[in-house]
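The structure appears below as structure tokens.
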Amino acid sequence: MPDYTLTHLKQLESEAIFVLRETAAQFERPVLMFSGGKDSILMTYLAKKAFWPAKLPFPLLHVDTGHNFPETIEYRDRLVEDTGANLVVASVQKAIDEGRVVEEKGPNASRNALQIQTLLDCLEEGQYDAALGGGRRDEEKARAKERFFSHRDEFGQWDPKNQRPELWNIFNGKMGIGEHFRVFPLSNWTEMDVWQYIKLEEIELPSLYYSHERDVVIRNGVILAVSEFVQPREGEAVEKKLIRFRTMGDATITGAVESTASAIDGIIEEVAAARETERGNRADDKRSESAMEDRKKQGYF
Amino acid sequence: MTTRSKSSTDGYLDMGLLRFTTAGSVDDGKSTLIGRLLYDSKAIFEDQLEAIESTSKQRGDENVNLALLTDGLRAEREQGITIDVAYRYFATPRRKFIIADTPGHIQYTRNMVTGASTANLAIILVDARKGVIEQTCRHAFIANLLRIQHVVIAINKMDLVDWSEDAFINIREEFTRFASRLDNIVEVSFIPISALVGDNVVDKSTNMPWYQGPTLLYHLETVYMGPDENHVDARFPVQWVIRPHSDEFHDFRGYAGRVAGGVFKPGDEIVIMPSGFNAKIKAIHTMAGELEEAFAPLSVTFTLDREIDISRGDMIVKSNRPPKCDQDLEAMICWFSEKPMNSKGKFFVRHTTKETKALVRDIKYKVDINTLHKIEDDLEFKLNDIGRISLRTAAPVCYDSYSKNRATGSFVLIDAFTNETVAAGMII
């Protein structure tokens, strides 16, 4: 009897490719949300696999807070060139300038919340009906209840108590006018799966994910890289530390971890030994216990 | 990469995957059990533990309330109940696990059906003090209906019945009597546990020396999963047609999809359903190179030896064991909508990658899932109702019976006006 078993990574890959193809088939104008983080890099890679040898049948959408690490933008532009994908940039700065959103005030102001309106405006302007995201159910409690095909009403909101049941591999992407979907092909992946797959497939990542020396300040227990957007406040000392990033968000809120892992194997060891979830150093999730759920209901990705 | 990626030497890259679902009534301790599995298998991180410790303290709970780990939504934490299917992940050196955590609350049967649809194994929790109750039977019935072949009856709260072997034996006998009528379930295991204290979940109990069997986790790690996929009847629902229009791949016309059954090889004679045209597979493509064979559940792309009009919703099969192709479907369904079924209503059937309009032709009966009796005098499908219907579709559907193939034997019904998924169907 031949052995027709597949490893869990191969099963996850096959599932994600299936979902990406369903998205292309069921929607008129899908778009892949690209943040420069490893999950969206993995998504782009899997999308290449799903439609090879054709190009991606949808553009990449970058919601740009303006607070980027330069490495992220360099990587993004190179990826766009390599894949031949179209890139759409939704600028938070532009949304602020046009008065569609108002910048938060105060010492812990972040542009994170502003991304929501910027994204929704961009989806509406581009008439995009499905936004592919790299969200995973293992990231956070509210995400554990997310569907692969997640329906959003005409205000872009998620109603967690009234989600469509999702059975087998059958996805219902039917919707009314003005509504749209978020689609999460990586739903069943864990952080460990992502790293192992990156290793297995030798996927290149931005250098920020690997250990490097950087000037940092420690703010509310979070290690933040000093940049034009993060300047030391009174009483804060700038230190040189050997760090790397576990997620890639807005430079003002993405915390680093101290690490000597300069290659993928080191990172996998760290993930295996990690005692904190990867979002544990995101200042935006620490605001309240249901911070993520509240943002998701409003249309966060 | 080879199709058989079992060759890897790295342990993690060589792990299998087990998807299981958990069902139990309110207060059976299901969330606690899952919290315990995650906690004792070290899948919980310090920051998660800190967060629930502080919440437990604030709520005045005596111990750290492990149930808080799985109750993700604010309303759930406030009411202390689980509302929606939640998916959890953990891994041991042997296997990766995906848990579909489904609520036991009575109005949420649809969630249990949802969670069961992708599971290979079901854990049904029974409170040792209460024994086999209506909901236990309901959960077992649903596991059987969704063709989950492995069931674990986890008899929980053994600490509250003084670790009594008699209580365990009574429940085992009572359940075995009931389960003899459920023919899809291949194997039932009974494990006495205390999720609260941890006995027989990950670590062996010292309080129940009379129990010689495995702990729950050991059982999950080692239970033999007979091939859940059908590797005999070749089925390939076409999902998307790939036409690169590039210089390098000028004439490339690939049919992309996920194998739903059987094994395909280059050179195989195939038939396109429902048109009935014949062709040969020229090559099986992936970005990493061509494959020598493709089987479920791999996502691949076929090219054929001749040009035929094939589009999404068609199915590529082999002629030796063809699926049925018909506009009349007989199926068991579970009704999901708060609004009762309008038997004159317009629906879409979504089956593999095919979607077509459908009408309900006949309602045969409903099932009282507590007694397994047929109900023939009330044929209105309300939320959570399960029963047998006949459907007439606008276009032919190529299908197998659900008992032969979960992927080609299942469908959902979509209300043509609200776009809601209103029922799940299993073809007879």
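Contact between Phe411(B) and Ile170(A) at its shortest, heavy atoms only, is CA-CD1, 3.6 Å. The nearest pair of heavy atoms linking Ser14(A) to Ser299(B) is O-OG, 2.8 Å. For Asn419(B) against Met175(A), the heavy-atom pair with the smallest separation is ND2-C, 3.2 Å.
Using a 4.5 Å cut-off between heavy atoms, Ile268(A) makes no contact with chain B at all. Heavy-atom distances place the side chain of Leu146(B), and not its backbone, under 4.5 Å from chain A. Heavy atoms closer than 4.5 Å to chain A are found in both the backbone and the side chain of Ser410(B). Interface remark: Phe249(B) contributes side-chain atoms only to the contact with chain A (heavy atom separation under 4.5 Å). Residue Ala16(A) does not touch chain B at all, counting heavy-atom pairs closer than 4.5 Å. Proximity to chain A involves both the backbone and the side chain of Arg350(B), based on heavy atoms less than 4.5 angstrom apart. Contact annotation for Glu22(A): both backbone and side-chain heavy atoms come within less than 4.5 Å of a heavy atom of chain B. Residue Asn169(A) touches chain B through its side chain alone, counting heavy-atom pairs closer than 4.5 Å.
The candidate with the highest count of non-hydrogen atom pairs below 4.5 Å against chain A, out of Thr418(B), Thr421(B), Val412(B), is Thr421(B). Ranking Ala407(B), Ala256(B), Ser117(B), Ser246(B) against chain A, the residue ahead of the rest is Ser117(B), based on heavy-atom pairs under 4.5 Å. Between chain A and the residues Thr301(B), Val422(B), Ile242(B), Thr118(B), the largest count of heavy-atom pairs under 4.5 Å involves Ile242(B). When Val241(B), Thr353(B), Val263(B) are compared by the number of non-hydrogen pairs under 4.5 Å with chain A, Val263(B) comes out ahead. Of all the listed residues (Pro244(B), Ala296(B), Ala116(B)), the one sharing the greatest number of non-hydrogen pairs under 4.5 Å with chain A is Pro244(B).
Summarising the geometry, atom CZ belonging to Arg95(B) is positioned 13.0 Å from atom NE2 belonging to His8(A); distances are rounded to the nearest 0.5 Å.
Between the Gln239(B) side chain and the Phe18(A) main chain, a donor and an acceptor come within less than 3.5 Å of each other. In terms of modelled atom types and a separation under 3.5 Å, the side chain of Arg137(A) and the main chain of Ala86(B) share no donor-acceptor contact.
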Item to check | Residue pair Asn172(A), Glu420(B): steps toward the side chain to side chain contact (heavy atoms under 4.5 Å, CB included) verdict | outcome: CA-CA 8 Å; Asn172(A) 173 6; Glu420(B) 295 292 324; 5.9 Å; no
Next on the checklist: Using the rule given for side chain to side chain contact (heavy atoms under 4.5 Å, CB included), can you reason through Arg164(A) versus Ile414(B), listing the C-alpha separation, both sets of side-chain angles and the distance that settles it, and then say yes or no?
Outcome noted: CA-CA 10 Å; Arg164(A) 288 182 186 176; Ile414(B) 298 167; over 6 Å; no
Next on the checklist: For a side chain to side chain contact (heavy atoms under 4.5 Å, CB included) check, start with the C-alpha distance between Glu355(B) and Lys174(A), then their side-chain angles and the critical distance, and finish with the verdict.
Outcome noted: CA-CA 11 Å; Glu355(B) 186 178 281; Lys174(A) 285 193 167 296; 2.9 Å; yes
